[in-house]
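Working notes, beginning with the structure itself.
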Amino acid sequence: MALNIDQSGSFPRVATKRKTKVSVGFEWEVPAEMQERECECYDHCDCEDGDCWCACDCDGEDEHVDLSDTTCRFMDTHGFRTHYECGGAEFASPVFGNITTARRVAKAIKEVALQDRSLGEDTNPSHCCGIHVHTSHVDLTDRWETRDTYLRVSSMLHRKSSAEFIFAFSGRKKDKSYSDQAISLCWDDKGEKTPSSESTRRMGYRQMVRPNEFGRSHTIEYRLWHTAEDRLLPAIDFAHACTTFIMTRKDIPYLKDFKTWLDKQSGYKILKQDDAWRLL
């Protein structure tokens, strides 16, 4: 299958009998070499007296990635939207109303992608592949409520005391594109109790986390992770847990507060075991 540079599609919602308050969807960009071929979209042909002239809608070349039949069947079966972006094949999941289902499908697509010879290691410094996880909460009914929650999440992650954990947990490298998405702004390093307008603007510019949409729902989008496959499941757990936690607060908590809350939860096993927590 050829994965086009811009393939439109929707984000279906996975039906579940046991919904949680937080829905989650993810975008996983897997490094892949873009290939080019001559355009073959001869859609407009005029024929007269045996002579035919055909016009093509695309501009000379068609950029694509060839994926295996196994990968294509997986995407069709699970309702993934796909396109080529940032030096890789992006797998955009459906919307999961249950974190257990999200984990199961994410684990499966990891195994499929790692066996696809069209997908590989991120060896090109210009590649900026990553993992983005979108979350929405049943109590976030409009974009203003979502933005307020996003601001508290972003402010927690950009505290000085969060900095070492964030970069280690992200899996990013400083010599790669978009590494600043995992570097904490440290707005409170001079004793500020709340972020200034300028600090808030700079946090949003770095886009470690931002308000967005996914599946026609207002979401908080977490963007700090490198594309490495071992980051996918911890990323999904972190985004789901962080949104759940922040909805219980009205202040700007510390990441240590989040970890204390997390330790009391019965789930999130993979997230709890991540070695980066030792840096808090």
message: Parallel, tilted or perpendicular: which one describes the rings of F245 and F258, with boundaries at 30° and 60°?
response: tilted
message: Using side-chain heavy atoms (C-beta onward) and a distance below 4.5 Å, is M208 in contact with H158?
response: yes
field: Heavy-atom check, side chain of D237 versus side chain of R103, under 4.5 Å
entry: yes
message: Do I246 and P253 have side chains that approach each other closer than 4.5 Å (heavy atoms only, starting at C-beta)?
response: yes
task: Please list, chain by chain and in numerical order, all residues satisfying salt bridge (charged side-chain N to carboxylate O under 4.0 Å, His left out) with R147, sequence neighbours excluded.
output: none
- request: Only counting residues at least two apart or in another chain, list the ones meeting side-chain hydrogen bond (donor to acceptor under 3.5 Å, both in side chains) with D189.
  value: none
message: One pair to check against side-chain contact (heavy atoms from CB on, under 4.5 Å): W187 and E192. What are the steps and the verdict?
response: CA-CA 7 Å; W187 60 267; E192 294 178 69; 4.0 Å; yes
message: So M247 and T149, do their side chains get closer than 4.5 Å, heavy atoms only?
response: yes
task: Identify the heavy atoms of K110 and L232 that sit nearest to each other, and give their distance.
output: CG-CD2, 3.6 Å
message: Looking only at the aromatic ring of each residue, does the gap between the centers of F74 and F80 stay below 6.0 angstrom?
response: yes
Under 3.5 Å side-chain donor-acceptor pair for N212 and T219: no
Atom pairs and distances, donor-acceptor, side-chain atoms in residues 160-167, under 3.5 Å, two or more places apart:
unit_1, atom_1, unit_2, atom_2, d
S162, OG, M156, O, 2.8

task: For E111, enumerate each residue passing the side-chain contact (heavy atoms from CB on, under 4.5 Å) test, keeping only those at least two apart in sequence or located in another chain.
output: K107
message: Please enumerate all residues that pass side-chain contact (heavy atoms from CB on, under 4.5 Å) together with A235, with sequence neighbours excluded.
response: I131, V133, W225
message: Checking the side chain of E29 only, and the main-chain atoms of G130 only, is there a donor and an acceptor separated by less than 3.5 Å?
response: yes
task: Would you check if there is a donor-acceptor pair between the side chains of Y222 and T243 at a distance under 3.5 Å?
output: yes
field: Heavy-atom closest contact (D275 atom, R278 atom, distance)
entry: OD2-NE, 2.8 Å
CD1 on I252 to CG on L157, rounded to 0.5 Å: 11.5 Å
task: Mark yes or no for whether R104, through its side chain, and I99, through its backbone, hold a donor-acceptor pair below 3.5 Å.
output: no
field: Where A168 and A276 come nearest, the two heavy atoms and their spacing
entry: CB-CB, 4.1 Å
Qualifying residues under side-chain contact (heavy atoms from CB on, under 4.5 Å), relative to S179, sequence neighbours excluded: none
query: Partners of Q207 by side-chain contact (heavy atoms from CB on, under 4.5 Å), sequence neighbours excluded?
result: Q181, R210, R223
- prompt: Can you find a pair of side-chain heavy atoms, one from I220 and one from P211, that are under 4.5 Å apart?
  reply: no
- prompt: Could you give the distance from OH (Y268) to CD1 (I270), rounded to the nearest 0.5 Å?
  reply: 13.0 Å
query: What heavy-atom pair brings L271 and W277 nearest, and what distance separates the two atoms?
result: O-NE1, 2.8 Å
field: Distance-only donor-acceptor check, side chains S197 and T200, under 3.5 Å
entry: no
statement: Sorted by chain and residue number, the salt bridge (charged side-chain N to carboxylate O under 4.0 Å, His left out) partners of D142 (sequence neighbours excluded) come out as none
message: Quick one about H218 and T146 (side-chain donor to acceptor, distance below 3.5 Å, no hydrogens or angles considered), yes or no?
response: no
- prompt: Among pairs that include at least one residue of residues 199-209, which meet salt bridge (charged side-chain N to carboxylate O under 4.0 Å, His left out), considering only residues two or more places apart or in two chains?
  reply: E198-R201
- request: Please list, chain by chain and in numerical order, all residues satisfying salt bridge (charged side-chain N to carboxylate O under 4.0 Å, His left out) with D148, sequence neighbours excluded.
  value: R152
message: Per the salt bridge (charged side-chain N to carboxylate O under 4.0 Å, His left out) rule, what does the pair list look like for residues 263-273, sequence neighbours excluded?
response: K259-D263
Heavy-atom check, side chain of S23 versus side chain of T135, under 4.5 Å: no
- prompt: Applying salt bridge (charged side-chain N to carboxylate O under 4.0 Å, His left out), which residue pairs with at least one partner in residues 240-249 are found, sequence neighbours left out?
  reply: R249-D251, R249-D257
- prompt: Are a donor atom and an acceptor atom from the side chains of E145 and T141 found within less than 3.5 Å of each other?
  reply: yes
message: Are S155 and T194 packed together at the side-chain level, in the sense that at least one heavy-atom pair is separated by less than 4.5 angstrom?
response: no
Atom pair CZ/CG of R159 and L185 - distance to nearest 0.5 Å: 12.5 Å
query: Between the side chain of S93 and the main-chain N/O of F26, is any donor-acceptor distance below 3.5 Å?
result: yes
